[in-house]
Amino acid sequence: ELDIYAGETLELGVSGAQNWGAHLTGEGGVAYVGDSDNKAENVVTIKQLFESNKTDDQELDCLHLANDYAGATTVKNVTLNLERETSLGASGILTADNANIVEVKGGALGTIDTIDFTNTELTTKDTSLVVTGATFKGTNVLNVTGIFEVDGAAEISKGSLTISEKSDTT
């Protein structure tokens, strides 16, 4: 378990493909930053690292808990595969630049209410995306199951936004 202090950001440097798992708590945020601009090589899979069929084992080990840190999540030059429940914490704020974010397990994305994307692709699994604010720069692709809705303002500046056919948009 890792407690991230208020006003602080845990920055994880990403080089190559790797698995990551820890129970992240606290008031701070997390940044996944690739060591180059090649997001196809800089891949992080946020996994549930503790697996047991025994309920007693899970209760003794915090690695099975959902991430509930309260700060924002930033993803830059990384492909992020989300397998752990609420992989991106509880703030609802997601900023991504040159990223590919894939929700592998339903519920892993959690609740996102503010997105700021630059040249980013987001794919959800059985998860609709309803946000209060969205900013898109460059070329962005949303492959959202269900609906993509912006309740507030959506801004597209100098770029494009592609919504997959499987999504309803409002």
Side-chain angles (χ1 to χ4, degrees), residues 4-14 20 24-46 66-170:
I4 307 166
Y5 296 127
E8 299 294 325
T9 299
L10 171 64
E11 183 171 312
L12 300 169
V14 180
W20 162 250
L24 302 177
T25 66
E27 299 299 314
V30 177
Y32 299 90
V33 181
D35 69 348
S36 70
D37 63 359
N38 189 344
K39 64 186 174 193
E41 289 181 3
N42 300 322
V43 179
V44 174
T45 301
I46 301 175
N67 286 332
D68 58 3
Y69 62 92
T73 302
T74 302
V75 184
K76 184 171 182 177
N77 299 326
V78 171
T79 293
L80 202 55
N81 297 314
L82 310 178
E83 294 184 11
R84 185 187 188 99
E85 184 181 348
T86 59
S87 292
L88 305 180
S91 77
I93 302 170
L94 176 58
T95 301
D97 183 359
N98 187 39
N100 184 10
I101 302 167
V102 180
E103 182 183 37
V104 178
K105 285 177 110 173
L109 186 62
T111 301
I112 302 294
D113 61 24
T114 305
I115 55 176
D116 185 349
F117 285 176
T118 303
N119 300 320
T120 292
E121 182 170 346
L122 171 68
T123 302
T124 68
K125 179 177 179 64
D126 304 325
T127 302
S128 293
L129 188 61
V130 179
V131 298
T132 55
T135 302
F136 301 100
K137 299 175 193 132
T139 302
N140 298 278
V141 177
L142 297 181
N143 298 303
V144 178
T145 304
I147 65 168
F148 170 63
E149 180 178 317
V150 178
D151 180 23
E155 177 185 329
I156 301 174
S157 61
K158 297 183 182 177
S160 64
L161 173 63
T162 303
I163 307 286
S164 68
E165 290 181 26
K166 63 182 178 179
S167 300
D168 297 324
T169 59
T170 56

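This one's a predicted model, so the numbers in the text were calculated from it and none came from an experiment. In this chain, residues are counted from 1 in sequence order.
Taken to the nearest 0.5 Å, the CG atom of Asn140 stands 6.5 Å off from the OG1 atom of Thr118. Atom NZ of Lys105 and atom CZ of Arg84 lie 10.5 Å apart (nearest 0.5 Å). Residue Leu109 holds its CG atom at 6.0 Å from OG1 of Thr127, rounded to the nearest 0.5 Å. From Ile4, atom CD1 reaches atom OG1 of Thr25 across 7.0 Å, with rounding to the nearest 0.5 Å.
The main-chain N or O of Lys39 is found under 3.5 Å from a side-chain atom of Thr79 such that the two form a donor-acceptor pair. Checked by atom type and distance alone, the side chain of Asp68 never pairs as donor or acceptor with a backbone atom of Gly89 at under 3.5 Å. A donor-acceptor pair is defined here as one N or O able to donate and one able to accept, closer than 3.5 Å; such a pair exists between the side chain of Thr124 and the backbone of Thr145. Checked by atom type and distance alone, the side chain of Thr132 pairs as donor or acceptor with a backbone atom of Asp113 at under 3.5 Å. Side-chain atoms of Ser128 come within 3.5 Å of backbone N or O of Ile147 as a donor-acceptor pair. Judged by distance alone, with hydrogens and angles left aside, the side-chain atoms of Glu103 form a donor-acceptor pair with the main-chain N or O of Ala108 at under 3.5 Å.
By the 4.5 Å heavy-atom criterion applied to side chains, Ile101 and Tyr32 are not counted as neighbours. Residues Phe117 and Leu142 form a side-chain contact, since some pair of their non-hydrogen atoms from C-beta on lies under 4.5 Å apart. The side-chain heavy atoms of Phe136 and Thr120, taken from C-beta on, include no pair separated by under 4.5 Å. Looking at heavy atoms from C-beta onward, Leu122 lies in side-chain contact with Leu129 at the 4.5 angstrom threshold. Contact of the Lys137 side chain with the Asp116 side chain is registered, since non-hydrogen atoms from C-beta on lie closer than 4.5 Å. Leu88 is listed as a side-chain neighbour of Leu80, based on a closest heavy-atom distance under 4.5 Å.
Annotation for Ser91 and Gly71: closest pair OG-O, 3.0 Å, computed over non-hydrogen atoms.
The residue from Asn98, Asn42, Asp37, Asp35 that alone fulfils the side chain to side chain donor-acceptor pair (under 3.5 Å) condition with Asn77 is Asn98. Each of Thr73, Leu24, Leu82, Val30 was compared with Ser87 under the side-chain contact (heavy atoms from CB on, under 4.5 Å) criterion, and only Leu82 meets it.
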